[in-house]
Amino acid sequence: MFVTRQAEVEDYDFLFHLKKVAEYEPIKAIFGWDENVQIEIHRSEWEESKPTIIEVNGFSVGSYLVQYKSDHLYFGRFFLLPEYQGNGIGSQVLSTVIQLAQEKSLPIKLCYLQGNRVGQLYKRFGFEVTAQDSQFVHMLKPRL
């Protein structure tokens with residue numbers, strides 16, 4: 001069981017740690033990990049939009065972001081600490097976001113790094129690859 005809440009200033013450092021734990025290997029493989037570049041990207045993303053924090057027993061264990069666009073929902077920054085992966089949290093989060101998109105009658109778009117295992121989860125939930133290159137995979141879950 002988990003709860004969600006909007007990110008607060010106190011979550012800033014946790015969110016960078018979470019991103020590093022979740023994406024270090026794919027980022028390193030594709031771009032090379034440059035700590036200063038990643039800190040700047042994190043700061044820019046933080047200023048653009050605050051994600052939702054996922055908590056289990058009062059501890060922050062993950063995050064995700066849903067952005068409303070004119071013709072779709074964008075789903076991103078979906079990270080879980082490794083010890084909380086494979087326990088159904090990701091499936092529950094995706095189910096919630098899919099239900100939200102259905103209520104709004106919008107498709108969902110997302111993008112993730114090549115080499116990230118999360119693509120398997122997205123495919124199970126009906127997301128389709130719309131484009132990919134050596135760095136990113138773009139997916140869409142059509143509106144129902």
Side-chain angles (χ1 to χ4, degrees), residues 2 4-56 59-144:
F2 67 93
T4 60
R5 63 175 177 78
Q6 199 57 37
E8 300 169 358
V9 172
E10 298 79 33
D11 298 307
Y12 184 84
D13 290 338
F14 164 73
L15 287 166
F16 183 73
H17 168 75
L18 178 64
K19 174 186 174 172
K20 191 171 184 178
V21 168
E23 289 198 315
Y24 180 83
E25 289 303 325
I27 289 173
K28 182 180 173 189
I30 294 170
F31 303 107
W33 182 273
D34 180 322
E35 190 85 4
N36 291 328
V37 168
Q38 294 305 318
I39 288 170
E40 182 58 30
I41 291 170
H42 178 64
R43 186 190 61 73
S44 175
E45 289 176 341
W46 175 262
E47 289 174 0
E48 176 195 342
S49 189
K50 310 293 183 275
T52 297
I53 301 293
I54 302 165
E55 290 186 339
V56 174
F59 293 100
S60 299
V61 302
S63 71
Y64 66 94
L65 178 71
V66 174
Q67 292 177 311
Y68 290 89
K69 305 292 184 178
S70 61
D71 62 346
H72 68 279
L73 290 184
Y74 180 79
F75 180 69
R77 292 195 238 164
F78 183 37
F79 307 125
L80 283 172
L81 292 172
E83 58 269 32
Y84 290 90
Q85 295 173 7
N87 297 320
I89 294 172
S91 293
Q92 288 179 274
V93 167
L94 272 181
S95 293
T96 300
V97 172
I98 289 167
Q99 181 178 351
L100 180 64
Q102 288 172 343
E103 290 168 5
K104 304 286 185 188
S105 193
L106 292 170
I108 305 169
K109 293 183 181 181
L110 59 83
C111 176
Y112 67 92
L113 282 168
Q114 287 282 8
N116 191 322
R117 297 179 316 150
V118 76
Q120 299 164 346
L121 177 65
Y122 296 144
K123 286 179 184 171
R124 276 203 329 263
F125 276 82
F127 285 82
E128 303 163 357
V129 174
T130 57
Q132 61 181 319
D133 56 30
S134 61
Q135 300 171 340
F136 298 102
V137 178
H138 298 266
M139 297 186 95
L140 171 75
K141 178 159 181 61
R143 145 178 84 133
L144 296 180

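Not measured: the values here are computed from a predicted model.
Listed by first then second residue, pairs satisfying side chain to side chain donor-acceptor pair (under 3.5 Å) with a partner in residues 129-144 read Q114-Q132, not counting sequence neighbours. Pairs engaging residues 73-94 under the side chain to side chain donor-acceptor pair (under 3.5 Å) rule: Q85-R117 [sequence neighbours left out]. Among pairs with a residue in residues 11-35, those fulfilling side chain to side chain donor-acceptor pair (under 3.5 Å) read R5-D11, K19-Q38, K20-E35, W33-E35, at least two apart in sequence or across chains. Applying the ring pair (Phe, Tyr, Trp, His ring centres under 6.0 Å) test to every pair with at least one member in residues 86-108, sequence neighbours left out, gives no pairs at all. For residues 120-129, no residue pair satisfies the salt bridge (Lys or Arg N to Asp or Glu O under 4.0 Å) rule, not counting sequence neighbours. The side chain to side chain donor-acceptor pair (under 3.5 Å) analysis of residues 39-54, with sequence neighbours excluded, yields the pairs E40-R43, R43-E47, E48-Q67.
Between Y64 and F78, the ring-plane angle classifies as perpendicular under the 30° and 60° cut-offs. Between Y122 and Y112, the ring-plane angle classifies as tilted under the 30° and 60° cut-offs.
The minimum heavy-atom distance between P51 and L15, with the atom names listed, is CG-CD1, 3.7 Å. The two atoms that bring F125 and S95 nearest to each other are CE2-OG, 3.4 Å, heavy atoms only.
Surrounding CD of Q120 are at most 12 heavy atoms belonging to other residues, nucleotides or ligands under 6.0 Å away.
Between L80 and I89, the closest side-chain pair of non-hydrogen atoms falls below 4.5 Å. The side-chain heavy atoms of F75 and V93, taken from C-beta on, include a pair separated by under 4.5 Å.
Between the CG atom in L106 and the NE2 atom in H72 there is a gap of 9.0 Å [rounded to 0.5 Å]. If you take CG on L81 and OG on S63, they are separated by 9.0 Å, rounding to the nearest 0.5 Å. Between the CG atom of L110 and the CG atom of L73 there is a distance of 11.0 Å, given to the nearest 0.5 Å.
Legend: residues meeting ring-ring contact (aromatic ring centres under 6.0 Å, His included) with F79, ordered by chain and number and at least two apart, are absent. Under the ring-ring contact (aromatic ring centres under 6.0 Å, His included) criterion, F2 pairs with no residue, sequence neighbours left out.
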Practice problem: Apply the test side chain to side chain contact (heavy atoms under 4.5 Å, CB included) to residues I53 and T4: give CA-CA distance (whole Å), side-chain angles for both, the deciding distance (0.1 Å), then the verdict. | Solution: CA-CA 5 Å; I53 301 293; T4 60; over 6 Å; no

